[in-house]
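Before any comments, here is the structure.
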Amino acid sequence: MNASVSHIEVMRSQLGRARGLGAGGSGVGHWWAERVSAAALLPLSTWFVVQMFRLGGADHAEVVKWGGKPVNATMLTALVITTFYHAQMGLQVIVDDYVHGKAHLPTRILVKIGTSLIGLLGVFAVIKLVAAGNSQKS
């Protein structure tokens, strides 16, 4: 054997090596999902802020007409979905870090249900805005 080659010791259990998992197993996927949703929120939020400045001083009819356009409705829906998905991911990390014992699972479920319901209400509001915008055209 070559004496100059150093041996690298792997600090994982036999079961961990057999499964090919690290310490948590799914942490990398969660980390990437948070980063991708945050990156998606940058242009969506910038678009939304610019649109709100453009609509500053507009009356209700103009805002409804603006919201009835397919591009604006799609962007608003993407913003709502991405925002609440990102919020759910962030709140899940907080629950995992600070809630322990029997309360952990119910709290995680409550966070998922809460963010999903609020996001669904946001999507429903966009649908209502599109319906109102389409009814004004007729």
Side-chain angles (χ1 to χ4, degrees):
M1 239 168 74
N2 190 352
S4 66
V5 177
S6 63
H7 177 67
I8 299 173
E9 187 175 331
V10 178
M11 301 294 285
R12 294 199 313 196
S13 69
Q14 296 293 330
L15 182 60
R17 267 188 250 152
R19 287 183 180 160
L21 300 175
S26 65
V28 173
H30 186 93
W31 185 87
W32 272 109
E34 280 185 308
R35 277 24 179 216
V36 169
S37 63
L41 280 172
L42 286 173
L44 288 170
S45 299
T46 303
W47 169 84
F48 182 73
V49 169
V50 168
Q51 294 302 312
M52 292 304 100
F53 276 116
R54 286 185 62 227
L55 288 170
D59 63 353
H60 182 264
E62 288 178 70
V63 174
V64 169
K65 183 180 173 187
W66 172 86
K69 295 179 182 175
V71 172
N72 295 334
T74 303
M75 294 290 282
L76 281 172
T77 304
L79 177 65
V80 168
I81 291 170
T82 308
T83 298
F84 286 101
Y85 176 73
H86 185 74
Q88 187 270 320
M89 298 288 282
L91 289 170
Q92 179 181 329
V93 170
I94 293 170
V95 169
D96 289 345
D97 287 348
Y98 297 108
V99 179
H100 304 290
K102 291 181 181 180
H104 183 262
L105 184 61
T107 307
R108 272 187 84 162
I109 292 170
L110 193 63
V111 164
K112 280 194 183 224
I113 290 171
T115 53
S116 298
L117 281 176
I118 297 170
L120 192 60
L121 286 172
V123 171
F124 181 70
V126 174
I127 291 170
K128 258 185 95 170
L129 185 63
V130 169
N134 288 336
S135 68
Q136 279 189 350
K137 291 178 185 176
S138 302

Rounded to the nearest 0.5 Å, what separates atom [atom1] in [X] from atom [atom2] in [Y]?
{"X": "K69", "Y": "M75", "atom1": "NZ", "atom2": "CE", "value": "14.0 Å"}
{"X": "T115", "Y": "H86", "atom1": "OG1", "atom2": "NE2", "value": "12.0 Å"}
{"X": "K65", "Y": "L55", "atom1": "NZ", "atom2": "CG", "value": "11.5 Å"}
{"X": "W66", "Y": "Q51", "atom1": "CH2", "atom2": "CD", "value": "5.5 Å"}
{"X": "N134", "Y": "L129", "atom1": "CG", "atom2": "CG", "value": "9.5 Å"}
{"X": "H104", "Y": "I109", "atom1": "NE2", "atom2": "CD1", "value": "10.5 Å"}

So with a 6.0 Å cut-off around NE2 of H60, is the heavy-atom count from everything else above 12?
-> no
Side chains of H30 and Q92: closer than 4.5 Å at any heavy-atom pair?
-> yes
4.5 Å side-chain heavy-atom contact, L76 and F48 | yes
Report the C-alpha distance between N72 and W47 in whole Å, list the side-chain angles of each, state the deciding distance to 0.1 Å, and finish with yes or no for side chain to side chain contact (heavy atoms under 4.5 Å, CB included).
-> CA-CA 10 Å; N72 295 334; W47 169 84; 3.5 Å; yes
Shared ILVMFWY cluster between [X] and [Y], side chains joined below 4.5 angstrom?
{"X": "V71", "Y": "V64", "value": "yes"}
{"X": "V36", "Y": "V28", "value": "yes"}
{"X": "I118", "Y": "I127", "value": "yes"}
{"X": "L120", "Y": "F84", "value": "no"}
{"X": "V123", "Y": "L121", "value": "no"}

Exercise: identify the closest heavy-atom pair between [X] and [Y]:
{"X": "A33", "Y": "Y85", "answer": "CB-OH, 3.5 Å"}
{"X": "A58", "Y": "V63", "answer": "CB-CG2, 4.2 Å"}
{"X": "V130", "Y": "A73", "answer": "CG2-CB, 3.3 Å"}

Under the side chain to side chain contact (heavy atoms under 4.5 Å, CB included) criterion, do L91 and K112 qualify, and how do the steps go?
-> CA-CA 9 Å; L91 289 170; K112 280 194 183 224; over 6 Å; no
Side chain to side chain contact (heavy atoms under 4.5 Å, CB included) partner of L44, the single match among I81, V49, L79 = L79
